[in-house]
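Atoms within a ligand are numbered from 1 in the order they appear, just like the ligands themselves.
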Amino acid sequence: MGKNNIIIGIDLGTTNSLAAYINNGKPEIIINERGNRITPSVVNFKKDDSVLIGELAKNQQIVNSEATITNIKTNMGQDIQFPIGERSYTPVELSALILRKIKIYSEKYLGIPIKNAVITVPAYFNDNQRQATLKAGILAGFNVLKLLNEPIAAALAYGVGRKLDEHILIFDLGGGTLDITLMDYKKNLFRVLATGGSTSIGGINFDKALSDFVLHEFQKQYSINLKEDPIAYQQILIHAEKAKIDLSSVEETRIFIPYITATEKGPIHLDVTITRNKFESIINEYLKSTEKLIEETFNQFKLNSSWMNSIIFAGGSTRIPSVERTVVSTIKRLNGKGKINVYHDINPDEVVAEGAAILAGILSGELEEIEFYDITSHDLGIEDNNGSFITIIPKGTSYPCENVKLFTTAEDNQEEVIIHVLQSGVNGNEREYVSLGKFRLSNIAHAKAGEPNIDVRFSIDRHEIMNVSAVNLDTGTIKKVSISGKDWLLTGDFRERRGRGLKII
Ligand code: AMP
């Protein structure tokens with residue numbers, strides 16, 4: 001494939017984003033216009049309506065925090081708006097600005113127009129979040145060839161070219177989330193076996209926990225609660241992140257912020273020393289949850305003892321020594337006495353973008369084909385007339401795939417049914433169902449309850465995006481929806497309206 005057809009791989013991160021491409025058979029990170037390998041996923045709107053993205057936007061976080069938006073990825077797929085001046089922006093629009101920036105600097109770096117991209121997403125991302133990412137990619141001017149799950153990207157970065165034959169745990173802890181993936185890897189065949197994780201464990205949680213400690217220490221000393229002062233709190237958060245990063249390589253660090261506040265007696269400086277031990281105790285509850293989540297992921301798959309032989313670390317937060325220690329000791333405990341290879345020779349900030357570039361290289365024909373089987377990370381199904389969840393595609397199914405279930409009406413002479421598509425929560429918690437949407441199948445011929453035959457079909461494409469169709473087998477009426485077209489959505493709780501429920505046959 002010639003240089004003019006380069007496909008880039010993009011890691012659209014919570015904290016930072018970056019892109020890579022294949023150069024002479026190897027992934028290479030694309031350098032941004034400021035000479036940096038990573039670009040902060042931060043957007044700032046200036047008074048004159050111009051937009052800053054990346055480092056320049058991050059620099060505005062303290063002085064202009066109301067017009068600076070961070071952690072956009074944690075809001076993807078949600079129906080929220082960020083008001084800025086006269087306008088407001090959706091997470092899709094904001095992510096598109098970041099992706100557009102990446103497109104522009106990649107084109108400049110490579111000297112050619114770039115159209116095609118692979119974009120990575122967390123494995124736990126639900127359908128709404130995937131759709132939102134895809135839309136952001138399109139809005140930024142990309143043809144998105146594949147939404148690639150981040151742990152697979154990390155495995156590709158390590159596996160391709162090394163001819164591994166291993167059973168791997170991929171532990172990806174970034175700014176906002178934890179993704180745990182078990183997979184096996186033989187020659188050019190990757191198979192995901194189990195997935196788990198949490199959307200509430202990540203570097204941002206550590207920064208906040210450390211900031212709370214600093215606030216507490218300051219309050220003990222001066223009886224002033226700085227949390228009520230947004231500018232002071234922003235500064236503490238930023239310094240806490242820096243201190244956290246320092247503590248990955250030194251045993252002790254100091255947060256010193258001069259003139260953080262003032263009383264009638266004069267200015268006050270914030271000066272708090274933190275040891276690595278203290279930081280570890282501050283994040284201990286997260287480490288404990290991490291252990292539990294690894295165990296839960298292991299339990300999804302019946303493993304022989306000593307089955308696991310490798311751990312791949314991805315995400316900036318895996319540089320924290322106690323995170324690595326916790327993961328390795330948990331695996332050793334679960335896995336018996338087998339030897340464990342720990343891979344972290346690829347920069348954990350870059351491993352996902354490198355993997356995305358490898359898939360891009362495979363798609364462009366520059367690299368040798370590989371086969372990979374990924375699995376769904378949620379149960380997918382519909383709600384029946386009793387409000388129970390009926391699974392149509394269970395968590396852990398390889399995709400692309402298609403499953404069908406037969407339903408009927410719940411009442412005599414029911415003329416329509418409402419199909420309410422649901423996805424289980426991140427950790428398979430039944431109470432955490434996410435509504436992906438509802439649609440109506442009408443014109444059912446009058447019949448007794450239980451007589452009509454309604455076939456509900458779910459299919460999942462290569463992006464792990466779902467299409468749903470309902471067919472009235474008696475009349476042939478078909479209603480087909482892609483979850484992307486929100487125009488078919490009905491709002492409100494259909495169970496409040498009688499006579500529209502579905503019953504499983
Ligand atoms: P990612 O989403 O993979 O870019 O990870 C970003 C997160 O990793 C942020 O919360 C960073 O503060 C954190 N991080 C980056 N480097 C380090 C480090 N050396 N020690 C601890 N955390 C880090």
Side-chain angles (χ1 to χ4, degrees), residues 9-20 29 32 36-42 54-55 58 61 70-76 95 98 102 119-125 129 133 148-154 157 170-181 197-211 214 234 236-253 255 274-276 278-280 282-284 286-287 290 312-327 344 346-356:
I10 301 173
D11 172 3
L12 178 63
T14 310
T15 332
N16 296 303
S17 296
L18 62 162
I29 302 293
N32 73 17
N36 294 328
R37 298 164 76 82
I38 58 175
T39 299
S41 307
V42 183
E55 284 95 352
K58 194 173 178 183
Q61 235 171 310
T70 58
N71 304 328
I72 297 154
K73 188 171 174 178
T74 54
N75 297 300
M76 284 300 259
S95 296
I98 296 169
I102 292 174
I119 301 179
T120 60
V121 287
Y124 66 81
F125 251 24
Q129 294 164 308
T133 309
L148 176 65
N149 283 347
E150 287 162 10
I152 308 258
I170 298 148
F171 184 88
D172 181 358
L173 184 62
T177 50
L178 167 63
D179 244 338
I180 302 168
T181 307
S198 164
T199 46
S200 45
I201 303 182
I204 295 157
N205 304 89
F206 304 160
D207 301 343
K208 286 190 178 147
L210 185 53
S211 299
V214 171
Q234 265 306 320
I236 293 172
L237 265 180
I238 290 169
H239 280 80
E241 185 187 9
K242 288 196 180 118
K244 170 192 77 176
I245 292 173
D246 287 351
L247 289 170
S248 294
S249 47
V250 297
E251 289 291 334
E252 189 176 292
T253 191
I255 296 184
I274 306 135
T275 61
R276 188 186 284 176
K278 183 71 216 173
F279 175 63
E280 286 177 2
I282 290 169
I283 62 166
N284 192 42
Y286 292 107
L287 299 178
T290 296
I312 287 178
F313 282 108
S317 299
T318 60
R319 290 211 182 88
I320 298 173
S322 57
V323 168
E324 178 174 338
R325 259 197 337 263
T326 304
V327 178
H344 42 190
I346 303 181
N347 182 338
D349 297 330
E350 297 181 355
V351 63
V352 167
E354 284 198 11

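For Ser317, the closest heavy-atom approach to ligand 1 falls below 4.0 Å. Under the 4.0 angstrom criterion for non-hydrogen atoms, Thr14 is not in contact with ligand 1.
Checking only distances, Arg319 does come within under 3.5 Å of ligand 1, N or O to N or O. Residue Gly316 has at least one nitrogen or oxygen atom sitting less than 3.5 Å from a nitrogen or oxygen atom of ligand 1, judged on distance alone.
Near Gly203, with a cut-off below 4.0 Å to any heavy atom, the atoms of ligand 1 are 10 (O). Below 4.0 Å from some heavy atom of Gly315 lie the following atoms of ligand 1, by number and element: 3 (O). Of all atoms in ligand 1, listed by their number and element, those nearer than 4.0 Å to a heavy atom of Ser248 are 18 (C), 19 (N), 20 (N), 21 (C). Close approach of ligand 1 to Glu241 is summarised as follows: ligand atoms under 4.0 Å from at least one heavy atom of the residue are 9 (C), 11 (C), 12 (O).
Applying the side-chain hydrogen bond (donor to acceptor under 3.5 Å, both in side chains) rule to Glu280 yields the partners Arg325; only residues at least two apart in sequence or on another chain are considered.
Protein heavy atom closest to atom 6 (C) of ligand 1, with residue, atom name and distance, is Thr15 OG1, 3.5 Å. Nearest protein heavy-atom contact of atom 4 (O) of ligand 1 is Asn16 ND2, 3.9 Å. Among protein heavy atoms, atom 10 (O) of ligand 1 sits closest to Lys244 NZ, 3.2 Å.
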Next item on the list: Output, in order, the C-alpha distance, side-chain angles, deciding distance and verdict of side chain to side chain contact (heavy atoms under 4.5 Å, CB included) for Thr318 and His344.
Entry: CA-CA 9 Å; Thr318 60; His344 42 190; over 6 Å; no
Next item on the list: Go through the steps for Arg37 and Glu354 under the test salt bridge (Lys or Arg N to Asp or Glu O under 4.0 Å), then give the verdict.
Entry: CA-CA 12 Å; Arg37 298 164 76 82; Glu354 284 198 11; 5.7 Å; no
Margin query: Could you go through Thr14 and Thr74, starting from their C-alpha distance and side-chain angles, then the distance that decides it, and tell me whether this counts as side chain to side chain contact (heavy atoms under 4.5 Å, CB included)?
Written below: CA-CA 7 Å; Thr14 310; Thr74 54; 3.9 Å; yes
Check: After noting the C-alpha distance and the side-chain angles of Asn16 and Ser41, does the key distance pass the side-chain hydrogen bond (donor to acceptor under 3.5 Å, both in side chains) rule?
Finding: CA-CA 5 Å; Asn16 296 303; Ser41 307; 5.8 Å; no
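Within the 4.5 Å cutoff, side-chain heavy atoms of Thr290 are placed close to those of Leu178.
Here Glu252 does not pair with Arg276 in a salt bridge; the nearest charged N to carboxylate O distance is not below 4.0 Å.
In this structure, of Ala353, Gly176, Gly175, the residue bringing a heavy atom nearest to atom 7 (C) of ligand 1 is Gly175.
Using modelled atom types and a 3.5 Å distance limit, the side chains of Asn347 and Arg319 yield a donor-acceptor pair.
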